[in-house]
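Excluded from the calculations below are hydrogen atoms, water molecules and symmetry mates; all remaining heavy atoms, backbone and side chain alike, are included. Chain letters run A, B, ... following the sequence lines, proteins first, then strands; residues in each count from 1.
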Amino acid sequence: MSLFKNQPLKIYNSITKTKELFVPVTEGSVGMYVCGPTVYSNVHLGNVRTFMSFDMVFRYLNHLEYKVRYVRNITDAGHMEDDADEGEDKIAKKARIEKIEPMEVVQRYTLDFHGILEKLNNLPPSIEPTATGHIIEQIEIIKDIVAKGLAYEINGSVYFDVLKYNETKEYGVLSGRKIEDAVHNTRLLDGQSEKKNPQDFALWKKASPQHIMRWSSPWGVGFPGWHLECTAMSTKYLGEKFDIHGGGMDLKFPHHECEIAQAEACNGQSPVNFWMHANMLTLNGQKMSKSTRNNILPGEIFSGENKVLSKPFSPSVVRFFMMQAHYRSILDFSSEALEASEKGYNKLVEALKTLESVQVSQTSSFVVQDWENDCYSAMNDDFNTPILIANLFEAVKHINLLKDGKATLTQIDLDLFTKTLHAFVYDVLGLVTETTEQSSDKLEGVVNMLINMRKQARDNKDWAMSDHIRDELKALGIQLKDNKEGTTFIVE
RNA sequence: GGCGUUGUGGCCGAGUGGCUAGGCAGCGGUCUGCAAAACCGUGUACAGCGGUUCGAAUCCGCUCGACGCCUCCA
């Protein structure tokens, strides 16, 4: 029997604002779509948090033995930079500045994106479609919406008629916005627009002469609107009704709201059962953003090259740090918080090593099943990774007691304990216990030689020499650890 | 201005109408030549003011603060 059959999973649905029991459209299978990045510059850490959150969701669904199709797009056609502008998109602009082909920009930053996510141990999605690869599908959808009278063409551009749509459907179901308010609030700003109403959004934009990324369409040469690609690709690969749609909180409006309208317009039904939104990662209490320069690149964390950091941190520590907060909470980034996470993470890793050498007993002094249930309960409650991690630290406590002979486990219980622990740490949270000691054989040989020399000095009660070796190594970032079995070292 | 989120002990960060979240730091202890590391033990905090309740940090109202969206943004 598949694991999901006895694990009732609850997911917070943004559209109903409640936790609901997760029941997929097709039993045993899950279709999940997550809005991917616009590849016009390096992904910053904030972007990464969203993708990591959904990577965790993907991993847990897989762990529950669902057959998951995870689709995450690459936006390579570029979003409009400014609606009032002449239709220059972000990728084209960057390309002109750097005097290179738009697809060169796309290629460069797609590689960067993949590299970073891989370092952070994110699983690749099942399908990673690109916007430029689905222009035909997007044009088909526009034709459909125009045919249904919910979009209009003007000067070679096509706009979605929000007011018309609102006559029979409800625009604003996700974000809780009232269309009347929107009318009120945007009237002043709108003067020269060719749109019928300010809240109408573009499905197709006419390309200005200098616009490089362009395609032919029934309405002339142009490029697709910025909300359409997700509707086209999610429908193509997951169908008109699928299980989970994810993205960052900031995409709720207008992006996801428009997606709902587009899908309702052409398919006559709401496209998604569960809307999930990951919250922002802040820096100095403010949202990370490229435009305000309030951001940090993942690469800078791994190398330590950023003035907000006291030292470099490994990808696993970054991942652990993020998993210690719930995906729907705002998480504030700081060097101190990462340092605290690093220590906690190391403690967990040490315990996992210790577990390998635990002795088996005739009886068990604690109930492994109870602990296991706690782990599942945490994850089943809207992917509560902080609680899961708290349970992991309970396990650490047990492991240390086992090591000291103050707790016991039978072979069967120990196997279950190890299997469950590994499943949650490696498979679900996606933490890698990389050997942080990046010590080469040569370094290890040299340090071990010094350790031996120090041991001789200590045997001779030559504390001056012994402490000298210890202090010098410490200054080089090599910390000696004395314990009963002897001395080991770690490279800090 | 509109929509929405949020305010937890030194720090990070869960959660809940009554029962120890957890991590880091601190403190005490074990260990050690001394340390470090490791391990064990240790914290009654929930912005303010009212209200509901036998009981609220948890529900309601107000005040103050923070943040997000309303323009591309994970």
**OP:** Write down the distance separating the P atoms in B:C19 and B:A45, rounded off to the nearest Å.
**Re:** 13 Å
**OP:** Indicate yes or no: does A:K311 engage A:E342 in a salt bridge with an N to O separation below 4.0 Å.
**Re:** yes
**OP:** Of all the heavy-atom pairs spanning A:V34 and A:Y70, show the shortest one and how long it is.
**Re:** CG2-CE1, 3.6 Å
**OP:** Using the P atom on both, measure B:A21 against B:U58 and round to a whole Å.
**Re:** 16 Å
**OP:** Would you indicate what A:G46 reaches in the nucleic acid, counting non-hydrogen atoms under 4.0 angstrom: base, sugar-phosphate, or nothing?
**Re:** base
Subject >> Distance, C1' atom - from B:A47 to B:A57, rounded to whole angstrom >> reply: 11 Å
Original post:
Over how many whole Å does the gap from A:M280 atom CE to B:G68 atom P extend?
Top reply: 10 Å
Original post:
Which whole number of Å gives the distance between the C1' atom of B:C34 and that of B:U42?
Top reply: 25 Å
Original post:
So, A:T16 and A:T18: side-chain donor and acceptor under 3.5 Å apart, yes or no?
Top reply: yes
**OP:** Determine the minimum heavy-atom distance between A:C258 and A:Y171, stating which atoms define it.
**Re:** SG-OH, 3.6 Å
Original post:
Using a cut-off of 4.0 Å on non-hydrogen atoms, how would the nucleic acid contact of A:H277 be classed: base, sugar-phosphate, or nothing?
Top reply: nothing
Original post:
What nucleotide among B:G33, B:G2, B:G22 has an atom nearest to a side-chain atom of A:R470?
Top reply: B:G33
**OP:** Begin with the C-alpha distance, continue with both residues' side-chain angles, and end with the deciding distance and a verdict on side-chain hydrogen bond (donor to acceptor under 3.5 Å, both in side chains) for A:D76 and A:T132.
**Re:** CA-CA 6 Å; A:D76 57 352; A:T132 55; 2.6 Å; yes
**OP:** Mark this stacking check for A:F51 against B:A74 as yes or no, applying ring centres under 5.5 Å and ring planes under 30°.
**Re:** no
Subject >> Nucleotide nearest A:E394 when distance is taken to its side chain, options B:C67, B:G2, B:G22 >> reply: B:G22
Where do N or O atoms of nucleotides 36-39 of chain B meet protein N or O atoms at under 3.5 Å, pair by pair?
residue	atom	partner	partner atom	Å
B:A36	O2'	A:Q479	NE2	2.7
B:A36	N1	A:D482	N	3.2
B:A36	N1	A:D482	O	3.0
B:A37	O2'	A:K481	NZ	3.4

Subject >> A:Y159 and its side chain to side chain donor-acceptor pair (under 3.5 Å) partner, picked from A:K196, A:K195, A:K205 >> reply: A:K205
Subject >> Under 3.5 Å on both distances, the Watson-Crick or G-U partner of B:G1 >> reply: B:C70
Subject >> Separation of atom CG in A:N391 from atom P in B:G23, rounded to whole Å >> reply: 11 Å
Subject >> Pair A:F274 + A:Y12: ring centers closer than 6.0 Å >> reply: no
**OP:** Starting from P on B:C3, measure out to CD on A:Q199 and report it in whole angstrom.
**Re:** 16 Å
**OP:** Take nucleotides 4-19 of chain B nucleotide by nucleotide from the 5' end and write B, S or -, depending on whether a protein heavy atom sits under 4.0 Å from the base, only from the sugar-phosphate, or from neither.
**Re:** ---------SSS----
**OP:** Quick one: look up who B:G7 pairs with, Watson-Crick or G-U, both distances under 3.5 Å, and put none if it's unpaired.
**Re:** B:C64
Subject >> Euclidean distance, atom CZ of residue A:R454 to atom P of B:C34 [Å, nearest integer] >> reply: 13 Å
**OP:** Please determine, for B:A21, whether a Watson-Crick or G-U wobble partner exists with both distances under 3.5 Å, and give it or none.
**Re:** none
Subject >> Atom-to-atom span, CG of A:L297 to P of B:A74 - whole angstrom >> reply: 14 Å
Original post:
Is there a Watson-Crick or G-U wobble partner for B:G43 with both distances under 3.5 Å, and if so, which one is it?
Top reply: none
Subject >> Length of the line joining A:Y33:OH and B:A74:C1', which is rounded to integer Å >> reply: 13 Å
Original post:
If you measure from the P atom in B:U71 to the same atom in B:A66, how many Å do you get, rounded?
Top reply: 23 Å
Subject >> CG-OG1 distance between A:L450 and A:T487, expressed to the nearest 0.5 angstrom >> reply: 12.0 Å
Subject >> Steps toward salt bridge (charged side-chain N to carboxylate O under 4.0 Å, His left out) verdict (A:D462, A:R458) >> reply: CA-CA 6 Å; A:D462 182 357; A:R458 293 177 74 197; over 6 Å; no
Original post:
Taking the same atom, C1', in B:U16 and in B:G22, what whole-Å distance lies between them?
Top reply: 15 Å
Subject >> Qualifying residue for ring pair (Phe, Tyr, Trp, His ring centres under 6.0 Å) with A:F201, from A:F160, A:F253, A:Y165, A:W226 >> reply: A:F160
Subject >> Sugar-phosphate, base or nothing in reach of A:G172, heavy atoms under 4.0 Å >> reply: nothing
Subject >> Whole-Å C1' distance, B:G55 and B:C70 >> reply: 42 Å
Original post:
Does A:W463 have a side-chain nitrogen or oxygen under 4.0 Å from the phosphate oxygens OP1 or OP2 of B:G33?
Top reply: no
Subject >> A:F253 CZ to B:C70 C1', straight-line distance once rounded to whole Å >> reply: 6 Å
Subject >> Nearest-Å distance for atom pair CG/C1', residues A:L283 and B:C73 >> reply: 16 Å
Original post:
How far, in whole Å, is B:G7 from B:C62 if one measures between their C1' atoms?
Top reply: 16 Å
Subject >> Option among A:F393, A:F417, A:F366, A:F424 that satisfies the ring pair (Phe, Tyr, Trp, His ring centres under 6.0 Å) test with A:W371 >> reply: A:F417
